[in-house]
Amino acid sequence: MRIAFVNPPLRDWRFSRSQRSPGVIKSGTLYYPYWLAHATALAMSRGHECLLLDCAADELSREDTIGRLRDFDAELVVIETSTPSVNHDLETVDLFKAALPQARFCCTGTHVTAEWQVALTQSQALDFVAIGEYDFTISELAEALEQGQPVSSVDGLAWRSGDSSERSGDRTLISDMDALPWVAPVYKQFLTPENYLFTIANQPMVMLIGGRGCKARCFFCVYPQVMHGHSYRCRSPEDVVNEMKWIQDNMPEVQEIVFEDDTFTSDRVRAQEIARLVKEAGITLPWFANIRVNVDYETLKALKEAGLRQCATGFESGDQTLLINMRKGQTLQQQKDFMENCRKLGILVHGCFMVGFPGETKETLAKTLVLAKELNPDSAQFYPVMPYPGTGAYEWAQEGGYLATTNFDEWLNPDGQHRCVLDLPGLSPKDLEDFCEYAVRKFHFRPTYMVRKALQAVTNPKEGLRSVNAFKNFLLSIIRGDKAVTSALPPKQTEIDEAWNARTRVPRGRMEMIEGKKSQLKRAS
């Protein structure tokens with residue numbers, strides 16, 4: 001069967017659907033459509049003729065995409081969706097179906113997995129929804145349609161039946177991850193690496209998945225809760241390293257490999273084995289991974305020696321009670337120990353901080369900014385929690401009446417960027433957005449930070465060039481955006497900042513006095 005896998009257009013935006021929080025990213029970041037690419041690779045391996053279109057990356061309009069689908073004569077069209085784009089995505093299905101009435105249409109993604117009945121009701125042109133992990137679902141659906149078999153035999157599928165909708169049984173999560181073909185050859189055939197951007201990696205880069213699922217129970221993280229579960233199902237170290245080697249040998253334009261596993265070091269023995277095999281295979285490409293703070297020093301050391309250049313780490317909050325409330329499963333001390341280990345080893349860290357958790361106050365916001373400065377990662381991001389359907393965060397927000405809107409079109413601002421939808425006691429959506437804007441500037445425009453980045457550029461010109469390019473995008477986002485305000489901060493936050501800045505200037509012997517002053521200021525606020 002001729003199957004087209006489509007990351008559909010959303011206006012003229014570089015809308016990044018594959019991210020855990022889909023949107024237009026201020027830095028210009030655009031993820032690969034790796035879930036679609038996995039399903040494409042599997043379908044091709046089973047003999048189907050496939051087309052993969054990434055409309056966001058290739059700047060394809062709806063009309064352009066219809067032309068491509070007609071030229072391909074698509075029989076089954078698979079459309080990726082996300083929560084903030086879902087209404088537009090389903091409208092796109094309607095338009096595509098009108099232009100290609102002979103084709104069948106199937107939507108995938110976290111949102112339609114959680115809200116499959118709503119999706120089938122909303123779009124009369126939508127034939128199917130693939131629920132959850134959909135690689136085998138799509139291939140088996142195509143084969144059932146081709147052979148005239150009932151689609152009810154395909155696990156993980158929902159469909160319209162008259163005026164109602166039905167679904168088959170749950171699909172068992174893939175246990176043998178090596179059964180999935182590599183995605184890198186699909187990237188090479190259908191995509192252009194130069195069209196994608198991950199500002200904390202060297203460009204061009206490619207994104208790989210070494211394993212699915214996450215053992216952690218963070219109540220906000222959408223993929224483990226909705227799609228891939230809480231066990232870490234891994235590809236073998238040999239399979240991962242062989243694909244890395246293929247990229248190095250066959251995609252010479254690629255300058256870095258980015259692993260988008262939720263937690264690359266969840267299995268430490270396996271992570272160390274990957275590191276050993278990388279060195280043995282002579283792979284010289286640097287690489288990036290998402291890592292939790294509970295990893296040990298020896299594993300980090302092995303990864304660094306094998307080319308790990310940078311990692312992203314979810315520190316989230318500077319308040320221990322909030323870490324417990326969000327079910328993060330880590331402590332403030334673990335965060336500090338992790339950063340110290342990374343500094344010793346020379347691993348760069350991109351720190352991820354979020355606001356809007358159960359129990360969040362102006363005081364806990366201030367703690368998060370103070371912690372970010374204390375940890376002092378190579379770069380940092382600050383985002384409001386986005387409570388996507390199917391997550392514990394969505395259930396909490398619904399039950400507490402904290403959702404500012406249930407119209408998903410309003411989850412994006414006019415530029416397609418995230419819009420905070422949490423209206424918490426004492427903290428409005430604007431308060432949380434203002435704090436994030438304020439925090440990102442306070443972190444990156446510190447004199448000590450800018451001096452450190454300048455020295456980094458001198459000692460490592462390639463790293464300096466990457467930082468300059470990222471900083472250029474950051475400045476452009478500031479020029480385009482509104483001036484950050486500080487209404488969400490406690491009244492004494494300026495004095496807290498002054499105490500913090502003093503900490504970076506005074507001799508060690510006076511640190512206790514500064515800490516005491518900071519504590520007094522926090523209590524007073």
Side-chain angles (χ1 to χ4, degrees), residues 19-23 25 29 200 214-225 230 260-266 289-295 310-342 348-388 391-397 400 402 418 420-422 424 427 429 431-440 442-444 488-489:
Q19 291 191 214
R20 291 162 183 81
S21 290
I25 310 305
T29 290
I200 49 180
C214 182
K215 294 179 181 179
R217 299 279 172 171
C218 308
F219 92 136
F220 55 85
C221 198
V222 64
Y223 279 126
Q225 295 183 76
H230 288 290
E260 262 303 301
D261 304 35
D262 288 291
T263 309
F264 188 83
T265 53
S266 186
N290 298 310
I291 296 178
R292 281 174 63 85
V293 301
N294 58 359
V295 66
Q310 186 168 24
C311 64
T313 302
F315 299 111
E316 319 308 2
S317 176
D319 185 272
Q320 185 62 54
T321 299
L322 264 60
L323 291 176
I324 294 170
N325 291 347
M326 73 179 80
R327 304 199 298 268
K328 187 65 184 178
Q330 65 191 40
T331 67
L332 294 173
Q333 188 57 52
Q334 283 179 307
Q335 294 179 164
K336 295 171 185 177
D337 293 342
F338 171 82
M339 275 304 309
E340 183 60 28
N341 287 338
C342 287
L348 300 180
V349 177
H350 177 71
C352 303
F353 299 89
M354 299 178 74
V355 298
F357 296 108
E360 193 83 76
T361 65
K362 292 183 178 182
E363 286 70 28
T364 59
L365 295 179
K367 286 183 179 181
T368 296
L369 179 53
V370 169
L371 176 70
K373 292 177 178 179
E374 182 178 352
L375 294 175
N376 204 24
D378 187 68
S379 56
Q381 67 182 46
F382 298 82
Y383 276 102
V385 173
M386 299 301 293
Y388 296 111
T391 66
Y394 189 75
E395 183 180 350
W396 159 74
Y402 303 139
H418 302 110
C420 180
V421 296
L422 286 175
L424 304 181
L427 289 170
D431 286 335
L432 294 174
E433 288 182 347
D434 285 349
F435 171 79
C436 291
E437 291 289 333
Y438 173 77
V440 77
K442 290 292 288 185
F443 181 90
H444 292 100
L489 296 175

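With His230 contributing its side chain and Cys214 its backbone, the two residues share a donor-acceptor pair below 3.5 Å. Gln225 places a side-chain N or O within 3.5 Å of a backbone atom of Phe219 that can act as its donor or acceptor partner. Put simply, the side chain of Gln330 gets close to the backbone of Gly314: a donor and an acceptor are under 3.5 Å apart. Counting only distance, with no hydrogens or angles, the side chain of Arg327 and the backbone of Arg217 share a donor-acceptor pair below 3.5 Å. Side chain of His418 to main chain of Pro22: a donor-acceptor pair is present (N/O by atom type, distance under 3.5 Å, no hydrogens or angles). Under the 3.5 Å distance criterion, the side-chain polar atoms of Asp378 are left unmatched by any main-chain donor or acceptor of His350.
A distance of 5.5 Å separates CE of Met354 from OG of Ser21, quoted to the nearest 0.5 Å. The CZ atom of Phe338 sits 9.5 Å away from the CG atom of Asn294 when rounded to the nearest 0.5 Å. Considering CZ of Arg292 and CD of Gln335, their distance stands at 9.5 Å, rounded to 0.5 Å. Here Met386 contributes atom CE and Gln19 contributes atom CD; the two are 12.0 Å apart, rounded to the nearest 0.5 Å. Here the straight-line distance linking atom SG of Cys342 with atom CG of Asp337 works out to 11.0 Å at 0.5 Å rounding.
Between Leu375 and Lys336 there is a side-chain heavy-atom pair separated by less than 4.5 Å. At a threshold of 4.5 Å between non-hydrogen side-chain atoms, the residues Tyr438 and Leu369 count as touching. The closest side-chain heavy-atom distance from Thr391 to Phe220 is not below 4.5 Å. In this structure, Lys367 and Gln320 have side chains that are not in contact, with every pair of non-hydrogen atoms separated by 4.5 Å or more. Using a 4.5 Å cut-off on side-chain heavy atoms (C-beta onward), Val349 and Met339 make contact. Within the 4.5 Å cutoff, the side chain of Leu422 has heavy atoms near those of the Trp396 side chain. Two residues are said to be in side-chain contact when any heavy atoms from C-beta on lie closer than 4.5 Å; Asn290 and Glu260 meet this criterion. No side-chain heavy atom of Pro358 sits under 4.5 Å from any side-chain heavy atom of Tyr402.
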Inset, instruction - Check the pair Lys362 / Leu427 against side chain to side chain contact (heavy atoms under 4.5 Å, CB included), numbers first and verdict last. - result: CA-CA 8 Å; Lys362 292 183 178 182; Leu427 289 170; 3.9 Å; yes

Legend entry - Leu365 and Leu432: CA distance, side-chain angles, deciding distance, side chain to side chain contact (heavy atoms under 4.5 Å, CB included) verdict: CA-CA 9 Å; Leu365 295 179; Leu432 294 174; 4.3 Å; yes

Inset, instruction - Would you check, one step at a time, whether the test side chain to side chain contact (heavy atoms under 4.5 Å, CB included) holds for Met326 with Leu323? - result: CA-CA 5 Å; Met326 73 179 80; Leu323 291 176; 3.9 Å; yes

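Here the closest heavy-atom approach between residue Pro377 and residue Ala372 is recorded as CD-O, 3.5 Å. The nearest pair of heavy atoms linking Leu332 to Gly318 is CD1-O, 3.7 Å. Nearest heavy atom pair, residue Cys420 against residue Glu433, reads N-OE2, 2.7 Å. The shortest heavy-atom contact between Val385 and Ala393 is CG1-CB, 4.5 Å. Across every non-hydrogen atom of Ala380 and Val440, the tightest pair is O-CG2, 4.0 Å. In plain terms, the two heavy atoms of Ser379 and Gln310 that are nearest each other are OG-NE2, 4.1 Å.
Between Arg20 and Asp262 there is a salt bridge, with a side-chain nitrogen of the basic residue lying less than 4.0 Å from a carboxylate oxygen of the acidic one.
With sequence neighbours left out, the side chain to side chain contact (heavy atoms under 4.5 Å, CB included) criterion links Thr364 to Asp319, Leu322, Glu360, Thr361.
Exactly one residue among Leu371, Asn325, Thr368 makes a side chain to side chain contact (heavy atoms under 4.5 Å, CB included) with Ser317. That residue is Thr368.
Ring-plane geometry between Phe382 and Phe353 is classed as parallel, the angle between the planes falling under 30 degrees on a 0 to 90 degree scale with a further cut at 60.
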